[in-house]
Structure formats: structure tokens, C-alpha cells
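Below is one structure, written out as C-alpha cells; the observations come after it.
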Amino acid sequence: MTTRRLGILAVLAVVCVVFGGLPAAAHEERETFFPEPPGEVPTYRVKVRTPFLVVCKEDSAERIAELRGRARGLNQRLLAQCGYEHIQAAVDAVTQPNTTIYVLPGVYREEPSRVPPSPECAPLADDELTYAQQVECPHLQNLVAVFGDEDPTDDDHACNNELCGLQIEGTGATPGDVVVDGGFDETRDWDKHIGIRADRADGFYVRNLTVQRFGDNAVYVIETDGFVIDRVVGRWNGRYGFLTFTVDHGLYTDCEAYGNGDSGLYPGSAADHHGERFA
């Protein structure tokens, strides 16, 4: 399924019906809270500008050599500034809001995210985790995790740390040049439930990469005010390509989803503030 400029502002529930997704009540998740207004759809940061971090693989240089034109020149410049082998390591290194993480061509399996869970986290593997539990056990279910609420114990449910406004962008010529891959464990079960999770991460922007082979969803955005999923491929996942839930001011654009166990797109429960305003 391919979408062209599928805007999601206050009509997520309607769009969900159009695309055949399950009703929001059928989605199993922790108790969640709608974002409070005001908010806005984040703007794509076109030019390379600070603050930014660069992620690459050992074979990125070889892959870049196969590119042509502007994509090749951009990647060669960024390769010289590569400081991280894993996307999560770059996420954890962010120190300022509105940072961009450039992900150079390669396959990202995020091996550090796959280590066995701690004795405290392991018993929660099949539970619906609270936000605080997600933060405490970030890779129990998620390969790459972005958490924007500084204090999991407070009641504001707001994005208020350095990960607000984060942009994760693959720098290949096509989304297939940068692949975030889940796969299976030694028992042939899904290794991770979620590929990229943005949780209370207002202003989140993910662009130009492929996320594949996860037990539930390729990209999952929850309790977030302002997000864009742009030129992303979500394929071969157990449930949904892209799931967004209790969100506002979001946009799916030029995405592709296929080979998923349920729907390619699940624009879930949207903030009800707009309906109340116009009632």
C-alpha cells in the first residue's frame, strides 16, 4: 500500500476506518493520554545544520561509492563525521532539542539493543508496559527507542527533554539504502516487537529508510504531539507497518507498507480537542 500526502491532524479515527484498521479500542496498550494543545506538524530540516550526529556501518563507504550525484557527495561529507555505529547510541548521545541524526547507507540490526533483559525487566516481556517501565526497560520490546518525557513519574505526560524535535533521516538515494532490521531469535520467534518507537516525543520526524521484520510494528508513535513519517517503508511486520496512537498534529507522507500481518497503516486514536472546539 502506498500513501501520497496522507495528512493526519484531527481526523485520525476517520482515516483509520478508510484504511481498514481496527477500532482504537481493539488496540492493546497502556493507559494513554491525549496531547494538550497547542501543537504543530514538524517541519523537515532540509539542510545539514547543527546540532547533528552521524551513524554509519563498516560497509557504508562501499555502499556510498555506488551512489550517484548529490546523494553520493552528501554521504561522503557526512561519512567523515560519523561517530556512531548504532542508531540508538546516537539517540542516547543527543544533548539538545531539534537534533538531526543522519543514518548512512547500511543495515542496522542494533546489536546492543538485543542483549538479554535484566532480571527486573525479563518478567515484563509479555506485559503492556507503562511509560515508566518502557523507560526502565527500553529494549525489552523496542529496537530503537525515543523517550521525550524527562520524568516518567510526573503527571504532565509532556515532551520536555533533549529528544524533543528529533529527526532521524536515512541519507541514501532511496529508503532501501538504509534498513533497520528486526528478524528472529534462536527459537525463530520475533526478536523485537517494535522497530522504532517514539513515545511522548513531540516533533519527531523519521525519513527515508526501511524498517522491517518486527513482531508488531515497524514504526510506533504514541502520546506525541507533532510527528512526520516521511518516505519510510514498513514491511514484513507481524501487525502494522506504521501505528500512531493518542497523537495529534501528525503526517504520513510518501510512505509504503506491504507484507504486514494486519494493516499497513494504523492511524489510531487521535486527540479529541479539535472536535470539542468545533462542536
Side-chain angles (χ1 to χ4, degrees), residues 1-5 41-113 143-144 146 163 165-183 195-196 198 203-214 218-219 227-237 241-242 251-259:
M1 175 183 294
T2 302
T3 60
R4 295 291 178 184
R5 304 301 299 179
V41 179
T43 301
Y44 171 57
R45 294 189 284 271
V46 179
K47 296 182 179 180
V48 177
R49 57 187 177 185
T50 56
F52 71 89
L53 304 172
V54 181
V55 187
C56 65
K57 287 300 194 183
E58 290 184 359
D59 64 345
S60 288
E62 180 179 344
R63 293 172 182 265
I64 291 169
E66 297 177 357
L67 300 177
R68 295 292 181 268
R70 295 181 61 186
R72 182 176 180 178
L74 171 64
N75 277 277
Q76 287 175 332
R77 293 193 298 273
L78 289 173
L79 182 62
Q81 302 182 68
C82 178
Y84 302 91
E85 182 181 358
H86 305 288
I87 299 170
Q88 186 67 59
V91 171
D92 294 342
V94 170
T95 60
Q96 300 178 57
N98 302 313
T99 292
T100 301
I101 295 175
Y102 293 106
V103 187
L104 273 55
V107 177
Y108 293 83
R109 289 184 50 79
E110 302 288 300
E111 287 80 3
S113 298
L143 195 69
V144 176
V146 179
L163 293 177
L166 182 68
Q167 179 172 305
I168 298 177
E169 179 174 2
T171 60
T174 70
D177 290 330
V178 175
V179 177
V180 178
D181 186 45
I196 300 175
F204 180 71
Y205 203 117
V206 59
R207 185 177 192 271
N208 196 39
L209 43 77
T210 294
V211 190
Q212 64 183 32
R213 303 200 303 167
F214 291 92
V219 178
F227 70 89
V228 177
I229 304 173
D230 179 6
R231 294 188 66 201
V232 179
V233 176
R235 63 187 182 187
W236 310 330
N237 302 284
F242 311 115
L251 174 67
Y252 295 45
T253 179
D254 296 321
C255 294
E256 184 176 358
Y258 59 87

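Only a predicted model underlies this, so the values are computations on that prediction, with no experimental measurement involved. Atoms considered below: every heavy atom in the structure, side chains included; atoms not considered: hydrogens, waters and symmetry mates.
More than 12 heavy atoms of other residues, nucleotides or ligands lie within 6.0 Å of CD in E111, so this atom counts as buried by the packing criterion.
G203 and P42 get closest at one heavy-atom pair: O-CB, 3.8 Å. Contact between I87 and V180 at its shortest, heavy atoms only, is CD1-CG2, 3.8 Å. When all heavy atoms of Y108 and S60 are compared, the closest pair comes out as OH-OG, 4.1 Å. Summarising the geometry of G195 relative to L143, their closest heavy-atom pair is O-CB, 3.5 Å, with the distance given to 0.1 Å. The minimum heavy-atom distance linking T100 with R45 is given by the pair OG1-NE, 2.9 Å. The minimum heavy-atom distance linking A218 with G234 is given by the pair CB-CA, 4.0 Å.
No option in V233, V219, V232 other than V232 meets the side chain to side chain contact (heavy atoms under 4.5 Å, CB included) test with L209.
Remark: D177 CG to T171 OG1 distance equals 8.5 Å, nearest 0.5 Å. Put simply, CG on L163 and OG1 on T95 are 10.0 Å apart, with the number rounded to the nearest 0.5 Å. Note: R235 CZ to T210 OG1 = 5.0 Å, rounded to the nearest 0.5 Å. How far CD of Q88 is from CD1 of I196: 10.0 Å, rounded to the nearest 0.5 Å. Taken from CZ in R77 to CZ in R72, the straight-line distance is 12.5 Å, to the nearest 0.5 Å. Atoms CD and CZ, on Q167 and F52 in that order, are 12.5 Å from each other to the nearest 0.5 Å.
Looking only at side-chain heavy atoms (C-beta outward), Q76 and I64 come within less than 4.5 Å of each other. At least one side-chain heavy atom of L74 sits under 4.5 Å from a side-chain heavy atom of V48. Residues D92 and H86 fail the side-chain proximity criterion, which asks for heavy atoms closer than 4.5 Å. Counting heavy atoms from C-beta on, the side chains of I168 and F204 come closer than 4.5 Å. Using a 4.5 Å heavy-atom threshold, the side chains of F214 and W236 count as separate. The closest side-chain heavy-atom distance from N208 to V178 is not below 4.5 Å.
Using bins of under 30°, 30° to 60° and over 60° for the plane-to-plane angle, the ring pair Y252/F242 lands in the perpendicular bin.
Formation of a donor-acceptor pair under 3.5 Å by the D230 side chain with backbone atoms of R207 is not found in this model.
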Pair D59, V107 - check side-chain contact (heavy atoms from CB on, under 4.5 Å), show working.
CA-CA 9 Å; D59 64 345; V107 177; over 6 Å; no
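Between R109 and D181, at least one side-chain nitrogen of the basic residue sits less than 4.0 Å from a carboxylate oxygen of the acidic one, meeting the salt-bridge criterion.
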